[in-house]
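Because the structure is predicted, anything quoted here is derived from the model rather than measured. All heavy atoms count here, side chains included; hydrogens, waters and symmetry mates do not. A, B, ... follow the sequence lines: proteins, then strands. Residue 1 opens every chain.
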Amino acid sequence: MVSASIIKQRESLPIFPYRQEIIEAIRQENLLVIIGETGSGKTTQIPQYILESFEDVKFIGVTQPRRIAAITVSTRVSEEHGSKLGEVVGYSIRFDDCTSSKTRLRYMTDGVLLREATLDPRLEQYNVIIVDEAHERTLETDVLFGLLKTTHILRPELKILVMSATLNVEKFSDFFNSCPIFVIPGRTYNVLINHHRDARIISLKSTFVMRAVETALYIHCQEQPGDILVFLTGQGEIEKACRDLLDQEANLNYRKDVKYADEVRGIVVYPIYATLETLEQKAVFEDPPRYTRKIIFATNIAQTSVTIPGIKYVVDSGFVKQKSYDPTTGMDALLVVPISQAAATQRAGRAGRTAPGKAYRLYSRESFEQMEKETIPEIQRSSLLGTVLSLKKMGIRDILNFEFIDPPDPLLVKNALKQLFLLEAIDDKGKLTRLGDEMSIFPLSPFLSRVLVASSKEFECSREILIIVAMLSVEEIFISPRSEEKQFEAGERRKEFYHPSGDHMTLLNIFEAYLDNGYSREWCKERYLNRRTLTMAKNIRDQLRELMLKHDLPIISCRIKNEDKINDNNRSRKRHRRNSHADTKYDTNKILEAFSTSYYINLAKRHSHRPLFYHYASARASDNEDIDANSSLLALHISSTSSLFPDNKIVRMEDLDWVMYHNVLYTNKALMKVISKVKIEWVEERLKLFEKLVSVNLDGDDDEKNEGQENENDDDDDDDKFKAVTNIKIEENRIMKEEEKKNQRLAAVEAARQRAIHRRASNSER
DNA sequence: GAGCACTGC
């Protein structure tokens with residue numbers, strides 16, 4: 001039963017007056033863009049309007065960028081619908097499918113739909129697909145857009161709705177054949193925006209933390225009661241800002257300095273960032289004590305993922321910490337960069353959710369004008385390795401010309417193709433190999449999928465590799481406590497797990513010990529291990545194991561019964577005997593060699609007398625025999641969180657000639673995150689693939705274009721049709737781009753001619 | 001020689 005209060009609530013939403021109009025628009029259009037600000041009710045109501053008015057609609061899919069949104073929204077909607085969650089209304093996220101045969105409306109993460117699309121690009125089970133929060137432009141959303149365009153041609157009856165919060169959505173409409181845009185007026189309050197008079201954003205980079213604290217204090221002294229949200233970029237500076245503000249507030253004379261001292265007599269200060277433990281986060285959402293002002297220092301988490309109620313003032317530093325992938329070095333950089341105008345607007349909007357508010361920007365109006373209009377979409381600053389493999393799996397040949405709404409730099413696509421070739425997932429013509437086909441079944445980085453397949457078919461250690469791969473797929477396993485003495489203790493406890501070969505085996509040790517101790521909460525706590533992350537790793541391990549069994553990839557252990565039989569590095573084993581977890585119980589060489597089948601790409605050689613490393617392939621490519629003397633090479637450092645970090649004395653630097661790293665993160669220098677020792681003979685043969693790289697054409701356009709329908713051992717007609725249509729679309733796209741280039745060239749020539757004429761004319765005038 | 005935004009399959 002649906003209560004009267006629920007009906008009343010639904011009818012009070014800003015969207016409700018437009019119900020009939022929306023239903024009519026959806027009836028008429030099979031491609032439609034809908035704009036509605038947060039709080040308009042579009043996410044919860046529109047799918048229900050469709051359920052209520054379209055009898056022939058059997059199944060609706062709604063994507064969300066975040067898991068938590070899929071759960072909370074579907075819970076709310078099932079309540080409104082008057083049924084139990086998982087019946088008519090349900091959700092699907094990784095590891096948690098809360099739907100049944102009765103389900104007609106399914107909320108899910110965009111990643112889940114993308115995975116489904118790789119199996120069935122026609123999305124046959126759906127009558128309606130709604131891509132919600134499209135303005136966030138996640139990598140998954142952008143790939144879905146490209147695929148849905150083909151699906152629309154093959155299944156014109158499928159209703160595709162794109163929902164977004166920003167006003168700047170003509171781009172979406174343009175992309176989807178200039179489809180109509182439906183605008184739902186919002187209901188937000190005015191936010192008065194104060195720019196700094198003259199501060200240029202570039203000059204703020206070193207001072208914005210200090211200035212943000214000053215500004216928060218200024219607001220506290222001069223403005224009416226109301227909570228303050230301050231946008232900064234990272235954990236360290238947020239903790240510092242909290243301390244500084246409290247220090248400065250302690251020196252205030254409330255009667256003299258604080259204008260509204262009758263109403264505000266103190267402050268509470270909170271940090272909020274993603275790695276903060278959930279318990280600590282809770283106070284942030286609660287009302288502050290009476291007569292106190294709540295001041296929150298936040299990362300970008302408060303811009304999109306988390307809403308803090310009752311914010312009246314926003315302080316915007318103008319910066320964000322953003323990850324971007326550099327295809328020339330193969331590294332991720334995590335750098336502090338200026339935000340976009342759209343982000344600044346979104347941040348300011350956080351002050352007007354419940355009442356009119358004010359936003360203080362630490363930068364000038366001119367600086368705002370000079371910012372990028374929109375944040376660069378994820379797809380243009382990520383490695384496309386996994387994406388390209390998925391697209392190849394779907395039979396799309398010419399990825400360079402795939403119809404992306406904002407095409408990534410061709411360098412990014414070429415880089416992904418090269419890496420897939422080095423992983424032997426595609427052949428020298430850019431065609432998916434048998435190995436590549438097997439790799440694409442796993443929801444993993446292709447590097448890890450490759451290792452998993454190798455461990456099962458070649459190295460007979462898939463049981464252990466499954467664990468390590470799962471551990472590499474989750475975030476930080478170690479908890480770093482805030483107090484210094486606890487930090488020391490945590491460091492000491494961590495050493496119990498260190499393995500002399502490096503971090504891969506260390507991760508295995510931790511997981512095995514976690515299993516041996518029955519997933520005990522206490523056990524984790526004593527060792528400063530993050531139990532939530534370990535649980536996640538276990539879920540991922542189980543999911544991957546299921547996938548392996550399903551695809552006939554055997555699970556084999558390389559555990560060694562009689563320890564004395566192995567001749568691997570006896571000395572170092574003895575040295576660590578006191579650490580029960582670090583005893584070698586596995587055929588370490590097998591495990592690491594399996595990893596080297598992918599990670600030979602990330603092979604690094606040590607500097608002859610310093611604890612620095614150089615990427616081996618880059619060194620060879622630059623054709624310089626003396627690796628130490630090659631100044632153009634970027635030095636790679638060992639992360640302090642690695643078991644092989646020099647100070648840990650797990651291994652002598654002299655014994656560490658070759659390592660492979662799992663990834664590199666560039667902040668102020670390049671840090672290798674997870675590393676292990678490598679024997680050069682494991683990888684010598686594979687390194688030759690680097691040499692082949694110069695002579696292959698992986699773009700997959702010229703050779704195969706005329707081959708027509710490919711026979712790839714699957715006789716699914718629909719699938720072939722999808723491939724064919726997508727590939728035709730891509731071909732059109734390519735021709736269009738060439739045409740455009742030609743026109744641009746012609747225009748340039750014409751412009752030059754005009755200039756020349758003009759010059760001649762003005763010369764003759766003189 | 002010491003710290004790393006946010007998500008997701």
Side-chain angles (χ1 to χ4, degrees), chain A residues 63-70 92-97 108-119 133 136-144 231-240 272-276 298-306 317 319-324 332-337 339 343 375 377-379 381-382 386-387 389-390 440-446 448-449 470 473-476 478-482 484 487-488 490-491 536 539-540 543-544 547 610-612 635 637-642 645-648 653 663-671 673:
Chain A
T63 70
Q64 296 290 320
R66 279 171 293 281
R67 300 160 56 107
I68 184 83
S92 292
I93 58 180
R94 189 183 189 183
F95 308 127
D96 191 2
D97 181 15
M108 58 189 144
T109 46
D110 46 15
V112 167
L113 187 65
L114 193 59
R115 272 268 138 199
E116 277 182 22
T118 55
L119 301 172
E133 312 288 358
E136 290 201 23
R137 300 295 304 278
T138 67
L139 178 62
E140 288 81 3
T141 295
D142 272 20
V143 178
L144 276 172
F231 284 101
L232 296 177
T233 71
Q235 176 177 348
E237 63 191 41
I238 283 173
E239 300 286 358
K240 181 180 184 321
I272 182 166
Y273 42 85
T275 48
L276 201 61
T299 60
N300 230 29
I301 194 172
Q303 190 184 306
T304 44
S305 314
V306 154
S317 64
F319 287 97
V320 67
K321 203 171 274 185
Q322 193 172 253
K323 209 170 193 177
S324 53
D332 270 324
L334 188 59
L335 301 172
V336 174
V337 296
I339 58 171
T375 306
E378 209 184 342
I379 198 164
R381 48 186 173 86
S382 312
T387 304
L389 180 62
S390 298
S440 70
I441 64 180
F442 297 107
L444 287 171
S445 146
L448 293 175
S449 307
S473 307
V474 295
E475 69 242 43
E476 196 51 57
F478 296 107
I479 293 169
S480 0
R482 283 207 214 160
E484 264 180 48
Q487 262 175 33
F488 176 78
M536 188 64 153
N539 282 337
I540 293 175
Q543 184 196 22
L544 298 175
L547 283 167
R610 296 171 64 196
L612 292 177
H637 298 256
I638 300 179
S639 162
S640 59
T641 55
S642 168
F645 188 60
D647 271 15
N648 289 334
M653 274 299 122
N663 59 349
V664 180
L665 190 67
Y666 186 88
T667 46
N668 46 30
K669 63 185 181 189
L671 276 183
K673 306 306 285 187

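Using a 4.0 Å heavy-atom distance criterion, A/G236 is classed as making no nucleic acid contact. Across all strands shown, A/I93 has heavy atoms under 4.0 Å from sugar-phosphate atoms exclusively, and none from any base. Backbone-only contact: A/R66 has heavy atoms under 4.0 Å from sugar-phosphate atoms and none from a base. Across all strands shown, A/D110 has no heavy atoms under 4.0 Å from either base or sugar-phosphate atoms. No engagement by A/F95 is indicated, since no non-hydrogen atom pair under 4.0 Å with the nucleic acid exists. In this structure, A/Q235 reaches the sugar-phosphate backbone alone: every heavy-atom distance under 4.0 Å involves primed, P, OP1 or OP2 atoms, never a base. At the heavy-atom level, A/V112 lies under 4.0 Å from the strands shown only through sugar-phosphate atoms. Within 4.0 Å of A/E239, counting heavy atoms only, lies no atom of the nucleic acid at all.
Between A/S473 and A/L444, some side-chain heavy-atom pair lies under the 4.5 Å cut-off. Contact annotation: the side chain of A/P443 approaches that of A/Q543 to within less than 4.5 Å [non-hydrogen atoms, C-beta and beyond].
The heavy-atom pair separating A/S449 from A/F442 by the smallest distance is OG-CB, 3.7 Å.
Nearer the 5' end of DNA chain B, as judged by each residue's closest nucleotide, is the contact made by A/V320, out of A/S473 and A/V320.
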Go through the steps for A/R94 and A/R115 under the test side-chain contact (heavy atoms from CB on, under 4.5 Å), then give the verdict. CA-CA 10 Å; A/R94 189 183 189 183; A/R115 272 268 138 199; over 6 Å; no
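Atom OG1 of residue A/T299 and atom NZ of residue A/K321 lie 9.5 Å apart, to the nearest 0.5 angstrom. Taking NZ from A/K323 and CD from A/E378, the interatomic distance works out to 10.0 Å, rounded to the nearest 0.5 Å.
In summary, contact between chain A and DNA chain B, defined as any nucleotide atom under 4.0 Å from a heavy atom of the protein, begins and ends at B/dG1 to B/dC9 in the 5' to 3' direction.
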